[in-house]
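Because only heavy atoms are used, hydrogens play no part in the values below, and waters and symmetry mates are left out as well, while side chains stay in. Convention: sequence-line order gives letters A, B, ...; per-chain numbering from 1. Source: prediction; values computed, not measured.
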Amino acid sequence: MKLSPEYYLNDDVVSLAKDLLGKVLYTNINGQISAGIIVETEAYFGIKDKASHAYGGRRTNRTETMYAPGGVAYVYLCYGMHNLFNVVSSVIDDPHAVLIRAIEPLVGKDIMEERRNMPSTKGAITSGPGSAAKALGIDRSFNSKNLNGNEIWIEDHQISYPEEAIAASPRVGIAYAQEHALLPCRFFVKGNKYVSKPNKV
DNA sequence: GTGACGATTATCT
DNA sequence: GATAATCGTCACC
């Protein structure tokens with residue numbers, strides 16, 4: 001079953017990032033359905049987050065999507081070649097988002113293999129935000145799409161990981177964010193081979 | 001109008 | 001481990 005629209009209105013984006021682990025992200029592109037279990041996320045907490053595009057309340061054409069009410073996709077092109085997919089959360093004008101960093105292939109593995117040109121048994125097929133998005137066929141045309149539509153959505157398959165199977169760690173590469181750099185805003189499933197970085201805490 | 005750069009990844013040594 | 005690939009955004013001329 002799909003997550004309800006209210007699910008995304010939670011303004012505790014860190015808890016939301018953790019809760020999204022085990023949820024299943026679907027895409028339907030021209031009838032080609034693929035899906036993966038979310039196994040790694042990262043929280044970006046709005047205007048107070050120095051690592052966020054919306055830090056300090058910055059508002060541009062690109063970041064406008066994050067100011068929308070929760071429940072839409074924020075997709076943006078990084079390094080000119082990678083589409084990064086985020087789940088926008090909280091209410092309107094509160095630009096929280098959760099970056100989906102890795103998924104575990106579940107449905108349409110053959111489709112993902114074709115998109116990524118590698119076997120789904122290889123962990124790298126969906127490890128890392130750029131790879132996961134590409135495997136699901138997500139590109140910038142998905143930006144600001146509603147997550148309750150028929151092209152992209154998230155389902156709850158009642159998958160839950162025990163507390164000890166979930167690791168929280170500081171996000172990668174944001175040492176400049178000072179006090180925020182130490183906050184455990186990155187969550188992943190320990191030992192899952194599709195997680196992008198080494199399974200260390 | 002123009003230039004510098006990024007929430008990264010594949011590939012090469 | 002190092003580095004190239006590659007383009008939309010944003011800040012400033």
Side-chain angles (χ1 to χ4, degrees), chain A residues 8 13-14 16-18 20-21 25 36 38-68 70 72-90 94-105 112-145 147 152 167-188 192-200:
Chain A
Y8 303 103
V13 69
V14 175
L16 192 68
K18 185 177 175 183
L20 278 171
L21 293 178
L25 176 63
I38 298 170
V39 294
E40 183 178 357
T41 62
E42 237 174 55
Y44 284 83
F45 47 100
I47 64 174
K48 296 193 296 272
D49 187 349
K50 292 182 180 177
S52 169
H53 293 153
Y55 172 62
R58 195 162 66 142
R59 196 160 182 155
T60 65
N61 269 351
R62 180 176 64 162
T63 63
E64 191 64 28
T65 304
M66 286 201 284
Y67 288 85
V72 299
Y74 171 50
V75 182
Y76 103 97
L77 188 67
C78 184
Y79 292 99
M81 55 183 76
H82 303 296
N83 293 290
L84 271 55
F85 170 73
N86 298 249
V87 176
V88 174
S89 64
S90 192
D94 197 12
H96 291 328
V98 177
L99 171 70
I100 305 302
R101 287 191 62 90
I103 62 167
E104 179 179 330
M112 296 191 210
E113 289 178 349
E114 192 175 325
R115 287 178 184 139
R116 294 280 293 129
N117 196 28
M118 68 171 75
S120 62
T121 50
K122 201 169 163 131
I125 190 169
T126 51
S127 70
S131 302
K134 187 171 183 188
L136 289 169
I138 295 172
D139 61 26
R140 288 174 56 261
S141 69
F142 281 78
N143 189 41
S144 80
K145 276 196 193 304
L147 294 178
I152 182 167
S169 74
R171 289 169 297 179
V172 183
I174 60 157
Y176 59 88
Q178 297 172 13
E179 74 274 16
H180 297 158
L182 300 177
L183 297 176
C185 293
R186 169 173 176 255
F187 299 96
F188 60 91
N192 189 295
K193 73 175 178 179
Y194 297 101
V195 168
S196 65
K197 297 281 179 179
N199 293 317
K200 288 196 219 162

From dC10(C), dA7(B), dT9(C), nucleotide with atom closest to Arg140(A) side chain: dT9(C)

Nucleotide dA7(B), atom P - distance to CG of Leu84(A) in whole Å: 9 Å

Sugar-phosphate only, base, or nothing, as touched by Phe85(A) at under 4.0 Å among non-hydrogen atoms: nothing

Step-by-step salt bridge (charged side-chain N to carboxylate O under 4.0 Å, His left out) determination, Glu42(A) to Arg171(A): CA-CA 7 Å; Glu42(A) 237 174 55; Arg171(A) 289 169 297 179; 5.0 Å; no

Pairs flagged by side-chain hydrogen bond (donor to acceptor under 3.5 Å, both in side chains) wherever residues 119-133 of chain A is involved - sequence neighbours left out: Glu113(A)-Ser120(A), Arg116(A)-Ser131(A)

Any residue meeting side chain to side chain contact (heavy atoms under 4.5 Å, CB included) with Ala17(A), in chain and number order, not counting sequence neighbours: Thr41(A), Ala43(A), Val98(A), Phe187(A)

Separation of dT9(C) P from His53(A) NE2 (nearest whole Å): 11 Å

For Asn83(A), all residues meeting side-chain hydrogen bond (donor to acceptor under 3.5 Å, both in side chains), sequence neighbours excluded: none

Proximal nucleotide (of dG8(C), dC10(C), dA7(B)) relative to the Leu77(A) side chain: dG8(C)

side-chain hydrogen bond (donor to acceptor under 3.5 Å, both in side chains) partners of Ser141(A), counting only residues at least two apart: Asp139(A)

Set of salt bridge (Lys or Arg N to Asp or Glu O under 4.0 Å) partners for Lys18(A), sequence neighbours left out: Glu163(A)

Tyr74(A): partners by side-chain hydrogen bond (donor to acceptor under 3.5 Å, both in side chains), with sequence neighbours left out: His53(A)

Separation of dC7(C) P from Arg62(A) CZ (nearest whole Å): 17 Å

Donor-acceptor contact present, side-chain Asn143(A) to main-chain Val75(A), <3.5 Å: yes

Row check, Tyr76(A) ring normal vs Arg62(A) NZ/CZ: under 6.0 Å, within 45°: yes

Contacts of Ile47(A) that satisfy side chain to side chain contact (heavy atoms under 4.5 Å, CB included) - sequence neighbours left out: Tyr67(A), Pro95(A)

Aro-ring/base stack Tyr44(A)-dA7(B), d under 5.5 Å, angle under 30°: yes

Separation of dG6(B) P from Leu99(A) CG (nearest whole Å): 17 Å

Extract from the structure each pairing of a protein N or O with an N or O of nucleotides 11-13 of chain C at less than 3.5 Å, listing the distance.
unit_1  : atom_1 : unit_2   : atom_2 : d
dA11(C) : OP1    : Arg58(A) : NH1    : 2.9

Atom-to-atom span, CG of Asn83(A) to C1' of dT9(C) - whole angstrom: 14 Å

Under the side-chain hydrogen bond (donor to acceptor under 3.5 Å, both in side chains) test, residues paired with Arg115(A) that sit two or more places apart: Ser34(A)

Rounded distance (Å) that lies between atom C1' of dC10(C) and atom OH of Tyr76(A): 13 Å

Per-nucleotide pairing state of DNA chain B [Watson-Crick or G-U, under 3.5 Å; [ ] pseudoknot-crossing; | other strand]: ||||||.|||||.

Between dA7(B) (P) and Asn86(A) (CG): distance, integer Å: 11 Å

Whole-Å distance separating the OH atom of Tyr55(A) from the P atom of dT9(C): 23 Å

Residue list, salt bridge (Lys or Arg N to Asp or Glu O under 4.0 Å) with Glu64(A), at least two apart or on another chain: Arg59(A)

Kindly give the atom pairs (protein nitrogen or oxygen, nucleotide nitrogen or oxygen) under 3.5 Å for nucleotides 9-12 of chain B.
unit_1  : atom_1 : unit_2    : atom_2 : d
dT9(B)  : OP1    : Pro129(A) : N      : 3.0
dT9(B)  : OP1    : Gly130(A) : N      : 3.0
dT9(B)  : O4'    : His82(A)  : NE2    : 3.2
dA10(B) : OP1    : Arg116(A) : NH1    : 3.1
dA10(B) : OP1    : Arg116(A) : NH2    : 2.6

Tyr79(A) side chain near dC5(B) phosphate (N/O to OP1/OP2, under 4.0 Å): no

